[in-house]
Amino acid sequence: MRPLTEAETRAVFEKLGRYIGENIQLLVDRPDGTYCFRLHRDRVYYLSEKLLKVAASIPRESLVSLGTCFGKFTKSQKFRLSVTALDFLAPYAKYKVWVKPGSEQSFLYGNHVLKSGLGRITENTAQYQGVVVYSMADVPLGFGVAAKSTQECRKVDPMAIVVFHQADVGEYVRNEDTLT
């Protein structure tokens with residue numbers, strides 16, 4: 001377990017910035033203590049500094065996981081955000097999309113959100129902006145990228161894709177053997 005390099009930190013913060021904007025600072029400096037990001041076996045973990053000090057006595061080879069996995073670096077050194085980060089992204093999300101009850105299941109199976117399943121969308125959402133997807137009962141379901149801006153969503157046909165799927169809570173069931 002080691003701290004992130006400058007390039008790795010930039011990649012992680014750029015990805016998080018797409019979803020929560022300037023609220024990244026609220027993730028690090030929380031009222032219940034200071035939190036940090038650490039890299040272990042190409043995965044980025046989010047943990048408190050208290051937990052980090054306790055884990056310092058464990059050898060790297062014996063350490064499986066620590067804190068919450070926010071994502072991983074691919075072989076080409078691109079950062080891929082994981083669904084396990086959803087609980088931390090959802091409260092700070094700048095742009096949100098709510099899906100109708102009939103489209104929740106489709107999204108949770110890994111499909112994109114269509115205009116016909118769109119319940120609401122945050123005003124002034126730009127095209128290709130990171131969004132957090134909620135059910136109509138304000139339960140975070142996952143996150144994705146807006147395929148259309150808010151204004152374009154009003155005019156497109158019902159079968160057009162409005163949110164590209166990135167991750168959803170259904171991955172806990174689909175990928176439970178590889179999710180750490």
Check for me, please, whether [X] and [Y] land in the same ILVMFWY cluster - side-chain distances under 4.5 Å, paths through other members count.
{"X": "Y19", "Y": "V28", "answer": "yes"}
{"X": "V139", "Y": "Y92", "answer": "no"}
{"X": "Y109", "Y": "V83", "answer": "no"}
{"X": "V99", "Y": "M136", "answer": "yes"}
{"X": "V54", "Y": "L66", "answer": "no"}

Could you walk me through whether I20 and K94 pass side-chain contact (heavy atoms from CB on, under 4.5 Å), step by step?
-> CA-CA 5 Å; I20 62 176; K94 291 178 73 175; 5.6 Å; no

Can you list the steps and then say if E123 with R154 is a salt bridge (charged side-chain N to carboxylate O under 4.0 Å, His left out)?
-> CA-CA 11 Å; E123 281 298 319; R154 294 183 179 130; 2.7 Å; yes

Would you say [X]'s side chain and [Y]'s backbone share a donor-acceptor pair under 3.5 angstrom?
{"X": "S103", "Y": "S106", "result": "no"}
{"X": "E14", "Y": "A11", "result": "no"}
{"X": "Q127", "Y": "A147", "result": "yes"}
{"X": "Q129", "Y": "R18", "result": "yes"}
{"X": "H112", "Y": "H165", "result": "yes"}

Heavy-atom closest contact ([X] atom, [Y] atom, distance):
{"X": "T150", "Y": "T122", "result": "OG1-O, 3.0 Å"}
{"X": "I24", "Y": "G17", "result": "CD1-N, 3.7 Å"}
{"X": "R80", "Y": "Q166", "result": "NH2-O, 4.1 Å"}
{"X": "P140", "Y": "L86", "result": "O-CD2, 3.8 Å"}
{"X": "L141", "Y": "L108", "result": "O-CD2, 4.0 Å"}
{"X": "C153", "Y": "K148", "result": "SG-CB, 3.8 Å"}

Does [X] reach the side chain of [Y], with side-chain heavy atoms less than 4.5 Å apart?
{"X": "Y128", "Y": "F164", "result": "yes"}
{"X": "F143", "Y": "D168", "result": "no"}
{"X": "L114", "Y": "V162", "result": "no"}

Qualifying side-chain hydrogen bond (donor to acceptor under 3.5 Å, both in side chains) pairs, either residue in residues 130-142, two or more places apart = W98-D138

Test of ring centre spacing under 6.0 Å for F37 and F13 = yes

Is the F88-Y46 ring centre distance short of 6.0 angstrom?
-> yes

Apply side-chain contact (heavy atoms from CB on, under 4.5 Å) to P59 and list each qualifying residue two or more places apart in sequence or on a separate chain.
-> E61, S62

Applying side-chain contact (heavy atoms from CB on, under 4.5 Å) to V163 and not counting sequence neighbours gives V97, V113, V131, V133

Please check if any side-chain donor atom of E6 sits under 3.5 Å from a side-chain acceptor atom of T9, or the reverse.
-> no

Within a reach of under 6.0 Å around NZ of K15, are more than 12 heavy atoms found that belong to other residues, nucleotides or ligands?
-> yes

Apply side-chain contact (heavy atoms from CB on, under 4.5 Å) to the pair L16 and L81, showing each step before the final yes or no.
-> CA-CA 8 Å; L16 289 175; L81 205 56; 4.0 Å; yes

Do R2 and E8 pass the salt bridge (charged side-chain N to carboxylate O under 4.0 Å, His left out) test, and can you show the C-alpha distance, the side-chain angles, and the key distance before you say yes or no?
-> CA-CA 12 Å; R2 66 171 176 79; E8 291 167 343; 2.9 Å; yes

Using the ring of Y45 (Phe, Tyr or Trp, six-membered ring only), decide whether R38 places NZ or CZ under 6.0 Å from its centre and within 45 degrees of its axis.
-> no

Apply side-chain contact (heavy atoms from CB on, under 4.5 Å) to Y35 and L47, showing your working.
-> CA-CA 5 Å; Y35 283 69; L47 61 147; 5.6 Å; no

Please lay out, stage by stage, how V44 and F73 fare under the test side-chain contact (heavy atoms from CB on, under 4.5 Å).
-> CA-CA 8 Å; V44 176; F73 281 99; 3.5 Å; yes

Quick one: CG on L89 to OG1 on T84, what's the gap to the nearest 0.5 Å?
-> 9.5 Å

